Amino acid sequence: MAQLVIGLGNPGGEYAHTRHNVGWRGLDELERRGRFSRWRREGQARVKEGSIEGYDLVLARPQTYMNLSGRAGVQLVRRHGVTPGDVVVVHDEIDLPLGQVRLKRGGGHAGNRGVQSLIESWQTKDFIRVRIGVGRPPPWSDATDHVLDGFTPEERPLIDEAVVRAADAVMLVVTVGLADAMNDVNRRAP
């Protein structure tokens, strides 16, 4: 069975290079590594199927905007015959320093409304998360404004490297399982 990987982000060109869309950038990196079909509409998501080194993946981008990602998430697990616990979700995380990548199963949403929407829609916190650190906003700034901002020229190399490591993390989950992947990814700095 193919691994369902959901990248969180917002549709529309104005969001393409924002902190909130690093989940979609993680899917772009996975796509670059393998052979995939064209994007097609599937309910409230865009989906692409393919493989990387013999491992089958389904890449999905909810088209509901970040805060309503759960609507697409429900349709995706139903359509692909998996449970939420089988899904890998790639998303931004303001509670992690810029460029840090961490893997976990379960936990809260840490203020990420896309993750919150998935938790509420799936009625479980038990799914795999590949979290890409986008850093906290300055004290005088709003978190929403921060995640909808782009990266500075100084930040871009760090986030580009983090996106590659996030794709590596997804592939480790697929190839060696979550426990071994967590041991590898979470012990690395940054």
Side-chain angles (χ1 to χ4, degrees), residues 1-10 19-27 29-31 42-52 55-97 100-134 136 143 147 162-163 165-188:
M1 179 177 287
Q3 175 66 59
L4 176 58
V5 183
I6 299 175
L8 298 186
N10 285 314
R19 295 169 193 273
H20 240 358
N21 275 42
V22 296
W24 283 17
R25 289 185 57 194
L27 297 189
E29 176 62 22
L30 288 167
E31 179 185 358
E42 191 173 282
Q44 294 184 325
R46 291 182 67 216
V47 173
K48 192 175 258 210
E49 296 179 10
S51 66
I52 300 174
Y55 294 94
D56 294 333
L57 285 87
V58 175
L59 308 180
R61 291 180 175 187
Q63 298 295 297
T64 55
Y65 290 93
M66 179 70 79
N67 295 357
L68 300 174
S69 298
R71 291 180 182 178
V74 167
Q75 294 172 344
L76 287 162
V77 295
R78 189 176 306 131
R79 166 76 170 85
H80 293 277
V82 297
T83 67
D86 297 323
V87 178
V88 176
V89 177
V90 184
H91 65 88
D92 62 297
E93 175 78 59
I94 65 170
D95 285 342
L96 290 177
Q100 191 173 82
V101 175
R102 291 292 179 261
L103 257 174
K104 75 174 185 176
R105 175 186 291 281
H109 55 77
N112 184 307
R113 295 210 176 131
V115 173
Q116 180 182 7
S117 179
L118 288 170
I119 290 169
E120 291 170 358
S121 295
W122 284 337
Q123 297 182 344
T124 184
K125 297 176 181 180
D126 185 36
F127 53 93
I128 300 165
R129 298 112 185 262
V130 177
R131 303 175 301 145
I132 302 171
V134 296
R136 278 209 145 307
V147 296
V163 166
R165 286 196 325 274
D168 292 344
V170 170
M171 290 311 298
L172 279 171
V173 170
V174 171
T175 58
V176 302
L178 180 61
D180 288 340
M182 286 174 64
N183 285 336
D184 187 325
V185 171
N186 293 347
R187 71 176 165 77
R188 290 188 206 175

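Position 1 is the first residue of the sequence; numbering continues from there. Worth knowing before you read on, the calculation uses all heavy atoms, side chains too, and leaves out hydrogens, waters and symmetry mates. Remember, it's a predicted structure, so these values are computed and weren't measured experimentally.
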Discussion item. Evaluate Val185 against Leu172 for side-chain contact (heavy atoms from CB on, under 4.5 Å), listing each step before the verdict.
Written reply: CA-CA 9 Å; Val185 171; Leu172 279 171; 3.9 Å; yes
Worksheet item: Is there a donor-acceptor contact under 3.5 Å from the side chain of Asn21 to the main chain of Trp24?
Response: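 The answer is no, because no donor-acceptor pair under 3.5 Å joins these two groups.
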Discussion item. Between Ser69 (side chain only) and Met66 (backbone N and O only), is there a donor and an acceptor less than 3.5 Å apart?
Written reply: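 The answer is yes, because a donor-acceptor pair under 3.5 Å joins these two groups.
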Can you give me the closest heavy-atom contact between [X] and [Y], atom names plus distance?
{"X": "Val58", "Y": "Ala2", "value": "CG2-CB, 3.8 Å"}
{"X": "Ala45", "Y": "Ala72", "value": "CB-CB, 4.2 Å"}
{"X": "Leu27", "Y": "Gly7", "value": "CD1-N, 3.6 Å"}
{"X": "Arg19", "Y": "Asp92", "value": "O-CB, 3.3 Å"}
{"X": "Ala60", "Y": "Leu4", "value": "CB-CD1, 4.2 Å"}
{"X": "Ile119", "Y": "Gly108", "value": "CD1-C, 4.2 Å"}

For [X], which residues count as a side chain to side chain contact (heavy atoms under 4.5 Å, CB included) partner, sequence neighbours excluded?
{"X": "Ala167", "answer": "Glu29, Leu30, Arg33"}
{"X": "Ser51", "answer": "Asp56"}
{"X": "Ala143", "answer": "Ile94, Pro137"}
{"X": "Leu68", "answer": "Thr64, Arg71"}

Going by the rule side chain to side chain donor-acceptor pair (under 3.5 Å), which residues pair with [X] if we only count those two or more places apart in sequence or in a different chain?
{"X": "Arg131", "value": "none"}
{"X": "Arg61", "value": "Asp28"}
{"X": "Asn186", "value": "none"}
{"X": "Asn183", "value": "none"}

Side chains of [X] and [Y]: does their closest heavy-atom pair fall under 4.5 Å?
{"X": "Ile52", "Y": "Met171", "answer": "yes"}
{"X": "Val90", "Y": "Leu8", "answer": "no"}
{"X": "Leu96", "Y": "Arg102", "answer": "yes"}
{"X": "Ile6", "Y": "Val87", "answer": "yes"}
{"X": "Ile128", "Y": "Leu178", "answer": "yes"}

Practice prompt. Using the ring-ring contact (aromatic ring centres under 6.0 Å, His included) rule, collect all pairs that involve residues 115-134, keeping only residues at least two apart or in two chains.
Written response: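 As it turns out, the ring-ring contact (aromatic ring centres under 6.0 Å, His included) pairs with a partner in residues 115-134, which skip direct neighbours, are Trp122-Phe127.
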Worksheet item: Would Val101 and Val130 count as a side-chain contact (heavy atoms from CB on, under 4.5 Å) if you check the C-alpha gap in whole Å, the side-chain angles of each, and the deciding distance to 0.1 Å?
Response: CA-CA 7 Å; Val101 175; Val130 177; 4.2 Å; yes
Worksheet entry | Residue pair Asn112, Glu93: steps toward the side-chain contact (heavy atoms from CB on, under 4.5 Å) verdict | CA-CA 7 Å; Asn112 184 307; Glu93 175 78 59; 5.9 Å; no
List the atom pairs, donor and acceptor, that lie under 3.5 Å between side-chain atoms in residues 74-84 and the rest of the protein, sequence neighbours left out.
from: Gln75; atom 1: OE1; to: Gln44; atom 2: N; distance (Å): 2.8
from: His80; atom 1: NE2; to: Glu42; atom 2: OE2; distance (Å): 2.6
from: Thr83; atom 1: OG1; to: Gly85; atom 2: N; distance (Å): 3.4
from: Thr83; atom 1: OG1; to: Asp86; atom 2: OD2; distance (Å): 3.1

Worksheet item: Listed by chain and number, what are the salt bridge (charged side-chain N to carboxylate O under 4.0 Å, His left out) partners of Arg129, not counting sequence neighbours?
Response: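 Counting only residues at least two positions away or on another chain, Arg129 forms no salt bridge (charged side-chain N to carboxylate O under 4.0 Å, His left out).
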Practice prompt. List for me each residue that meets salt bridge (charged side-chain N to carboxylate O under 4.0 Å, His left out) alongside Asp126, sequence neighbours excluded, and say none if there are none.
Written response: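 Testing Asp126 for salt bridge (charged side-chain N to carboxylate O under 4.0 Å, His left out), a comparison that skips the adjacent residues, returns Arg105.
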Item to complete: Inspect the contact between Glu31 and Lys48 and indicate whether a charged nitrogen and a carboxylate oxygen are less than 4.0 angstrom apart.
Response: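 Judged by the 4.0 Å cut-off on N to carboxylate O distance, Lys48 and Glu31 do form a salt bridge.
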Discussion item. Under 3.5 Å, is there a donor on one side chain and an acceptor on the other for Asn10 and His20?
Written reply: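 There is no such pair between these side chains.
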